[in-house]
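Report on the structure given below.
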Amino acid sequence: MDYQKLADLLFPDVPTREEIEARYPKRCLKEGAMVTRFAPSPTGFVHMGSLLTAYINSLMSSQSGGIFLLRIEDTDQKREVENGTEGIIRDLENYEITIDEGAMVGGNYGPYIQSMRKEIYLAFVKDLVAKGLAYPCFCTPQELEELRQIQEINKERIGYFGSYSKCKKLSLSEIEEKLKSGLSFVIRLNSQGDFSKQHTYYDLVKGEVHYFENDMDIVLLKSDNGLPTYHFAHAVDDYLMGTTHVIRGDEWLSSLPVHLQLFETLGVEPPKYAHISPVMKNDQGTIRKLSKRKDPEASVNYYQELGIPVEVVKLYLKTLINTNFEEWYLSDSSEEFLFSFDKMPTSGSLFDVEKLKSISREYFSRLSKEEVYQGLVEYTKKYDPEFFEIITEQKDYTLAVLNIEREIEKPRKDISSYSDIKQLFYYMYDCFFFSDHTYEEVAKDYDPAGLREYFQTTYTTEDSEEEWFGKLKEFASNYGYTPNRKEYKANPENFKGTTAKFCEMIRLMLTKSNQSPNLYDILKLLGPERIEKRLNLFIEYLQTK
Ligand code: GLU
């Protein structure tokens, strides 16, 4: 068969492969620089699983001084949604994942949207046809269905291969005739693979994987719109774009034999592959894949609404990417952390929102009061306008509130999100404090008179923490609250309680809760006027008990 003639017949007006290749010169990057890519279909928003994939790709390229590119794989136009690409870019931007080259960003290796690269794929397909490595197939869906049924009956593998590859046997004149009568066709790979031959591939994450050669004449170019299949397009693109590492979900591992074969058929070096494990969820004891339909935490918006900073989600993702990252982060080391493929989990890692929140608490505890304030302003502006007004009107006071047990050696770790802050500190704001009148667990024997006298005679804002506590102990002791717990335990009837109980009363009076940060700080911040109002309300409340 004259393959060149066949190629010209099928694709008369197509540039040559060499012409295309001349547009994509080899990249000049330093040794070891990785060119990675995130290659989603334009299905709109990015969910946690794909965010993780994108993030790994971007981290690995940036830490090696390479390039991270975004390629939109829209050859399956059924999966497309309107403005899908914009949605992806927006999510990546929100997560501060920098795209060096790509759709809507530009670069020298574009276009980065596959549907705009038709001519390129045609040039490569034509080249393969001219070499006898691909051929047209005119089988109708009906014929393919019949083939499938025969293979099922014969208990054979299902597919277009070996003696079943009917169209591979067509002569040039038969093809010409079919073309003349306007029959539509696909282009199939003329597979040179032998299914009885096994090979071993070293995947950068999974390690050794064993596979059999592919002998299926898979479709390279579809009939409907002249677009390539995903398999073929990715091989051509990764070759021309100079991708060095394909880092993608392990659902693609089973396609690896075909992909390696495609690079071989094209006569080019394949990139290195790293197949990463999916993100899993423990759903009441059942471990399953995190689902973008079922699980709200799979959506990136979930964290925005909750007020969990992007940096925290990224930190958490880093703990999923490399098993040794968390230890490094908690050690507060000043050395740079380098991500590596061999520390990526080989099987699915659990996505645990509680764990993410604990990382968030650690993260918040390391922020300065100004940083927390700034983040809170941005968050409340969008999600809690009432609180936004309060904190912007009382900026200095809020900064001081946020600084309670912060910017010290062992800071408090109770904030896990911006939405926590109002719940944690609502009592510091009169408008919230006086809007409801319930106190947590008030003991029957609380003594309002003692409290009043303490604030009238002893408490002053001038005292240092030590002086304050010394005086408080002394006052309480004179009033029947012993600082000595043992003494109290031995003869409880002799006392009103311990110093701790006296403090508990003050805490409840000021915060309505039995738990709060440092009482001294709270007293100081609230100041005499607010204290007085709270004292009156508390005494009134105790009298109704
Ligand atoms: N377009 C494929 C997807 O939708 C990308 C697979 C790959 O990264 O090679 O996931």
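Values below: all heavy atoms of this structure, side chains included; hydrogens, waters and symmetry mates excluded. Because the structure is predicted, anything quoted here is derived from the model rather than measured. Order of listing sets the numbers, starting from 1, for every ligand and every atom in it.
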- Query: Evaluating non-hydrogen atoms only, which member of Q114, R37, H234 is closest to atom 8 (O) of ligand 1?
  - Reply: R37

- Heavy atoms of other groups near Q142 CD, more than 12 under 6.0 Å: no

- Proximal atoms of ligand 1 relative to S41 (non-hydrogen, under 4.0 Å): 4 (O)

- Message: Out of the candidates S416, P309, P411, only one should pair with F364 under the side-chain contact (heavy atoms from CB on, under 4.5 Å) rule; please name it.
- Response: P309

- Item | Cation-pi, F161 ring and R157 (6.0 angstrom, 45 degrees) | yes

- Answer yes or no: does an N/O atom from A39 fall short of 3.5 Å to an N/O atom of ligand 1? yes

- Logged contact type for W252 with ligand 1, heavy-atom cut-off 4.0 Å, is side chain

- Task: State which residue, out of R188, K166, K168, fulfils the salt bridge (charged side-chain N to carboxylate O under 4.0 Å, His left out) condition with D217.
- Result: K168

- Task: Could you list the atoms of ligand 1 found under 4.0 angstrom from a heavy atom of R248?
- Result: 7 (C), 8 (O), 9 (O)

- Task: Flag the pair Y302 / D295 as yes when at least one side-chain heavy-atom distance between them is below 4.5 Å, and no otherwise.
- Result: no

- Message: Suppose I only count heavy atoms of E73 and a 4.0 Å limit; which atoms of ligand 1 are within that range?
- Response: 1 (N), 2 (C), 5 (C)

